[in-house]
Amino acid sequence: MSQEEDFRKGIKEIYHKLMLFFSLFIIAGAFLLLYVLNPNLNVFNAKENNYVETPVIELDEDRVENGIHVRTGLISADGLMIVVNNCTNCHSAKLVTQNRMNKERWNATIRWMQETQNLWDLGKNQEIIVDYLVANYPVEVVGRRANLTDIDWYELKD
Amino acid sequence: MNGINFNHLKRRNFIKKATLSSFATLIGSEIVFGSKMFEGYQPIALQDPDPFKMFSKNKEMIVLNDKPWNIEAQAHLLDDKITPNSAMFIRNNGLIPENIDVRNWTLTIDGESVNKEKTYTLNELKSKFKEYSYQLTLECGGNGRSEFNPPAKGNQWTVGAVHCAKWTGIRLRDVLDDVGIKKDAVYIGYHSSDVHLSRDPYKEPISRGAPISKSLQEETLLAFKMNGKDIPLVHGYPLRLVAGGWPASVSGKWVNRISIRNKIHDGTKMTGTAYRIPCEPVAPGDKVKDEDMCIIESMPVKSLITFPKSGATINEGKSLNIRGHAWAGELVVSKMEYSIDFGATWNECQIELPVNRLAWQHFSTSINFPKKGYYEIWARATDSQGTAQPMILPGWNPKGYLNNACHRIAIKVK
């Protein structure tokens, strides 16, 4: 065998090994991706675990759908990211979205969090945050007793 | 051991490790910095997003908050006479403790008013003192908050932050007898192993308590068991103070220390406006100074229709069986009524005596409707002192506590 042939064979071998390595790499990547998209690896009943609103995966952390910031459930409007960055570190955004307060009471709540809950000084952001809250989660007047709403009608069997 | 919940947390770690090594096998080499990558970081794909599985709760429970976890029942989930874990509301002020070491768990009794500080292991508590079981009604002070107007800040509980489970443990008073408390003892305050939301180790998420008189009641327990099993982690495993009839926040979870105080306990959520209402009634929306707020003690009279679920449609001419529970804090419910005409007329219905003091009582009746149409069934309990539930919201208070307005369900007759 000539030296050239030997060299060629060597190259080919390396080429094949590299190809094998890369294919394995791609397969591994595919598995990883599958695992990320479907952590239980149950391809057939993937739908089963979907009863929680919390998104399992957020490829785009700050995706907005139908006017809602998907990761937190907050309404997408002016000041959203400042609210996300300052108000969802310690507690869930759900504590924000289920409340209705005016400017004065939100400010008092922020003061309370600063005095007792280690919330930092919000500086200029405080006004942006409070404006966002009162604009997007306004106080609704419901009176002394509201009508029953969202009734889920069903046939009562004996 | 506390099977499901604990295993669940452990399993997560196992999956984490297993996943890491299987990735490594696939790729054919160790993931460089793999261990670093996962340290203190839960990859989003491995997070357990399912609180119902994690806490063994019915899937119809309502998640109000996921950091901290706050979950409530709906009325129809509370139909059992003894509430099963699956329907028990979860109220947390901080983060659920991780890595509880039961073998080394101790309870320390200290404070200004003990003769000498004393520490017990769990086994000592279990073997030294007599065991008792009681069904005890625990209702969150803020149950019903969502209805207040102007709205009150906090988790917006509707009707489902109440339960009556069977608790088994030892009497706190037997332990206090053993320790020896001074005559000047006024209050007890519990301390627990939960973690503050800010993860500041010097802050307690909650440290409340009760006057000595409540602490010495026969039914005030240091409980090890709930409904015959180890208390689920989220409900206070391995040791919970249980004081029925008072705001459930008095019943401290994961208790490891109880201080006997010579003054009203001043722990987190004892002071300011927490679990307090105006000492004198105020108009809706009024500002109330901290010093004019008084601590909530016994919870007010209240009831819940647990069957049928609101929204039932029945045929004309059929009678409808309803049932539910009523409770009255330290008192007994002596009368139970219902109305199908928005309170114009009331009919009395059967109410059982409580199985023990501080347990909720069960009512049931059969209702006939005069004609087709939309109805609401309103339930109204009256306590042994003659105080009934209001049909509209009771006195407004800044934090939205103690809404004991009548519960109602919608019915259609066709």
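Every chain is numbered from 1 and lettered A, B, ... according to where its sequence line falls, protein lines coming before strand lines. Below, all heavy atoms of this structure are taken into account, side chains as well, without hydrogens, waters or symmetry copies.
Taking chain B as the reference chain and counting heavy-atom pairs below 4.5 Å, the highest number among A/L148, A/D152, A/V141, A/L156 is found for A/L148. Contact count versus chain B (heavy atoms, under 4.5 Å) is highest, among A/N89, A/N118, A/I151, for A/N118. Between chain B and the residues A/T109, A/V139, A/L119, the most heavy-atom pairs under 4.5 angstrom are made by A/T109.
B/D66 places a side-chain heavy atom less than 4.5 Å from the side chain of A/K94. Contact annotation: the side chain of A/W112 approaches that of B/K153 to within less than 4.5 Å [non-hydrogen atoms, C-beta and beyond].
Heavy-atom distances place the side chain of B/K414, and not its backbone, under 4.5 Å from chain A. In this structure, no portion of B/L95 lies under 4.5 Å from any heavy atom of chain A. Residue contact with chain A, scored on non-hydrogen atoms closer than 4.5 Å, is absent for B/F342. Both the backbone and the side chain of B/K412 come within contact range of chain A, judged by heavy atoms closer than 4.5 Å. In this structure, chain A has a heavy atom under 4.5 Å from the side chain of B/P284, while its backbone stays farther away. Heavy atoms of B/Y374 lying under 4.5 Å from chain A belong exclusively to its side chain. For a residue to count as touching a neighbouring chain, one of its non-hydrogen atoms must lie under 4.5 Å from one of that chain's; by this rule B/I314 touches chain A with the side chain only.
Annotation: A/E127, atom CD; neighbour count of heavy atoms from other residues, nucleotides and ligands within 6.0 Å does not exceed 12. The 12-atom threshold is not exceeded at CZ of A/R8, counting heavy atoms of other residues, nucleotides or ligands nearer than 6.0 Å. The 12-atom threshold is not exceeded at CG of A/N147, counting heavy atoms of other residues, nucleotides or ligands nearer than 6.0 Å. In this structure, A/D78 places its CG atom where only 12 or fewer heavy-atom neighbours from other residues, nucleotides or ligands lie under 6.0 Å away.
The backbone N or O of A/C90 lies less than 3.5 Å from no partner atom in the side chain of B/R199, so there is not a single donor-acceptor pair. For A/E155 (side chain) and B/T313 (main-chain N/O), no donor-acceptor pair under 3.5 Å exists by modelled atom type. Judged by distance alone, the side chain of A/N99 and the main-chain N or O of B/G154 form a donor-acceptor pair under 3.5 Å. Not one N or O on the side chain of B/K67 forms a donor-acceptor pair closer than 3.5 Å with the backbone of A/A93. With hydrogens and angles disregarded, no donor-acceptor distance shorter than 3.5 Å links the side chain of A/Y154 to the backbone of B/S310. With hydrogens and angles ignored, the 3.5 Å screen pairs no side-chain donor or acceptor of A/R145 with any backbone N or O of B/L393.
To the nearest 0.5 Å, the span separating OG1 on A/T97 from CD on B/Q156 amounts to 10.0 Å. Note that CG of B/N65 is 8.5 Å distant from NE2 of A/H91, once rounded to the nearest 0.5 Å.
Closest non-hydrogen pair, B/G311 versus A/W153, comes out as O-CE3, 3.0 Å.
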